[in-house]
There are 2 protein chains.
Amino acid sequence: MRTGGAPGAVDPGGASAQIRDAAVVRFGRDGFGAGLRTIADDAGVTAGLIVHHFGSKEGLRRACDAHVLALLRTAKEEALTDTDTGSLLARTAGIEEFAPIVRYLLRSVQAGGELAATTAEHMIGDAAAYLAAGEAAGVIRSSRAPAARTRFLAYQGLGSLLVWFTLHPDNGDDARFTASLREYVRTITFPAVELFCQGLFVDRSMLDDHPLHVPDPPSDGASA
Amino acid sequence: MRTGGAPGAVDPGGASAQIRDAAVVRFGRDGFGAGLRTIADDAGVTAGLIVHHFGSKEGLRRACDAHVLALLRTAKEEALTDTDTGSLLARTAGIEEFAPIVRYLLRSVQAGGELAATTAEHMIGDAAAYLAAGEAAGVIRSSRAPAARTRFLAYQGLGSLLVWFTLHPDNGDDARFTASLREYVRTITFPAVELFCQGLFVDRSMLDDHPLHVPDPPSDGASA
DNA sequence: GAGCAGGCTAAACAGGCGTTCAATGCGAAG
DNA sequence: CTTCGCATTGAACGCCTGTTTAGCCTGCTC
């Protein structure tokens with residue numbers, strides 16, 4: 001086997017990164033209940049080595065979270081002026097290489113925890129930026145509660161995607177996942193556009209009569 | 001104890017129903033990874049008895065699914081003319097007694113599986129009825145793809161609720177859960193009303209220019 | 001060449017899991 | 001009273017989990 005030096009083989013980051021990548025893929029595919037030995041087999045190593053490198057399974061997951069978050073931050077600048085949250089993720093996963101990351105993120109949101117909250121805050125922040133930009137450009141209506149609207153849209157988009165993948169467990173390879181993701185986008189695009197263009201209710205009385213006791217809280221979405 | 005003639009019959013007060021109820025509560029609270037011994041302790045029995053009555057853990061879960069589904073069907077007639085999916089669930093959980101059922105349903109959707117698909121189909125069916133009724137009453141706009149819109153709205157409402165509870169794990173008693181549910185409804189009500197009344201985009205060009213190659217598929221939402 | 005450090009492995013360990021089994025207790029029937 | 005049937009128990013089993021431990025084996029350093 002190759003050792004820790006710097007051999008000429010394709011070894012980006014060494015076995016540690018290899019384990020981490022395998023863990024991201026396996027966690028994304030099977031959820032965080034996946035066993036260390038399974039991940040070890042995927043990475044071509046043993047379970048003991050994982051603990052040797054990451055201290056524990058939780059340490060491995062922290063490393064995966066940090067790695068995915070770093071990738072997310074790196075790929076953030078590729079984000080375009082898109083209004084829909086699901087489409088944003090879909091675009092990110094358009095690059096087939098990023099499918100495991102999106103899969104891992106969905107698993108993370110599904111399982112809750114710190115990365116889930118961070119991811120949600122990320123998406124809410126992005127959505128806020130997009131909405132503000134669209135509002136400034138005159139293509140998006142103003143809101144009487146912008147922050148609440150932003151959080152609402154982000155929750156809806158992320159949750160809808162999550163339900164889709166929970167109900168369509170095409171737990172195959174990444175190509176299947178990407179195809180399902182595209183199918184999802186194709187399915188929701190028209191209803192989303194229709195809803196965003198013409199709303200759902202015929203008249204505005206329900207909105208105009210609303211007391212709006214929602215104080216449009218600050219962007220902290222964690223505490224109840 | 002009573003020795004029932006029919007072993008599988010619903011026997012209010014019997015140990016079988018007691019185990020099932022405890023399992024619904026525990027599964028809803030901790031997820032389906034909860035151990036048999038934990039459920040047994042909750043029900044005041046032993047793990048062996050659970051297997052004796054339900055055959056296996058999967059059998060117990062099937063019994064829970066069937067029970068929850070029966071309760072859902074029973075409580076369906078209480079549904080009112082509400083447009084929002086989340087509010088529907090919230091109204092159902094308004095009765096404190098129904099909080100464990102809603103919790104179990106959310107866990108079920110989170111975990112996927114048959115009950116999740118059935119629940120989703122239920123909600124889609126209900127949403128379709130509400131939308132059609134509202135459309136007939138002239139308060140809801142017509143859609144160029146009604147079935148797609150229905151499924152879209154159901155996915156959004158259900159997913160948003162799911163993300164809320166994943167990110168706000170107030171895993172305390174049922175009172176906490178109910179309070180969090182009310183908080184959720186309070187939070188999303190205004191943005192939902194605003195979106196449903198005035199949409200999101202300023203002009204309709206994005207909708208009018210849409211080719212609409214979505215063939216508005218039949219109400220089967222399970223297969224990809 | 002000798003010695004050391006560390007990546008890496010295989011085996012063992014402790015604990016939890018679902019499940020099985022023999023035995024107990026109690027109520028009903030003969 | 002005896003006997004049977006069934007709900008119920010507590011202990012045991014086998015499996016899988018994350019983790020620990022001891023040792024090998026390789027490459028670097030002197």
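All chains are named by letter (A, B, ...) in the order of the sequence lines, taking the proteins before the strands, and each is independently numbered beginning at 1. Just so it is clear, the model here is predicted, and its values are computed rather than measured.
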What residues from residues 55-66 of chain B pass a heavy-atom cutoff of under 4.0 Å to DNA chain C?
B:S56, B:K57
Can you identify which nucleotide, out of D:dT9, C:dT19, D:dT20, has its nearest atom closest to the B:T46 side chain?
D:dT9
Cut-off 3.5 Å, no hydrogens considered: what does the side-chain donor-acceptor table look like for residues 105-113 of chain A, sequence neighbours left out?
{"from": "A:R107", "atom 1": "NE", "to": "A:G28", "atom 2": "O", "distance (Å)": "3.1"}
{"from": "A:R107", "atom 1": "NH1", "to": "A:Q110", "atom 2": "OE1", "distance (Å)": "3.0"}
{"from": "A:R107", "atom 1": "NH2", "to": "A:R29", "atom 2": "O", "distance (Å)": "3.1"}
{"from": "A:Q110", "atom 1": "NE2", "to": "B:Q110", "atom 2": "O", "distance (Å)": "2.6"}

Starting from the C-alpha separation in whole Å, work towards a yes-or-no answer on side-chain contact (heavy atoms from CB on, under 4.5 Å) for A:K57 and A:I39.
CA-CA 11 Å; A:K57 186 179 183 180; A:I39 298 172; 5.6 Å; no
Backbone of A:W164 reached by a side-chain donor or acceptor of A:H168 within 3.5 Å:
yes
Considering every strand and a 4.0 Å limit on heavy-atom distances, what is the contact class for A:A34: base, sugar-phosphate, or nothing?
sugar-phosphate
With distance as the sole criterion, do the side chain of B:R37 and the base of C:dG16 form a donor-acceptor contact below 3.5 Å?
no
Is the B:F32-B:Y104 ring centre distance short of 6.0 angstrom?
yes
Is the backbone N or O of A:P146 less than 3.5 Å from a side-chain atom of A:T150, with the two atoms forming a donor-acceptor pair by type?
yes
Report the distance from atom CD1 of B:I50 to atom C1' of C:dC17, rounded to the nearest whole Å.
13 Å
For the pair B:T119 (side chain) and B:L115 (backbone), establish whether a donor and an acceptor sit closer than 3.5 Å, ignoring hydrogens and angles.
yes
Which is it for B:F165 and B:F177 under the side-chain contact (heavy atoms from CB on, under 4.5 Å) test, yes or no, and what are the steps along the way?
CA-CA 9 Å; B:F165 276 104; B:F177 176 82; 3.5 Å; yes
Quick one: which protein N/O atoms are closer than 3.5 Å to N/O atoms of nucleotides 21-24 of chain C? Pair and distance per line, please.
none

Can you check the B:D41 CG to C:dG16 P distance for me, whole Å?
13 Å
Charged N to carboxylate O below 4.0 Å: is that the case for B:E183 and B:R186?
yes
Nearest whole Å is fine: how far is D:dT9 C1' from B:L49 CG?
9 Å
At under 4.0 Å, does any side-chain N or O of B:H52 touch on OP1 or OP2 of C:dT20?
no
Are the side chains of A:S16 and A:F54 in contact, using a 4.5 Å heavy-atom criterion?
yes
Side chain of B:L36 only, please: which of C:dT9, C:dG18, D:dT19 is the nearest?
C:dG18
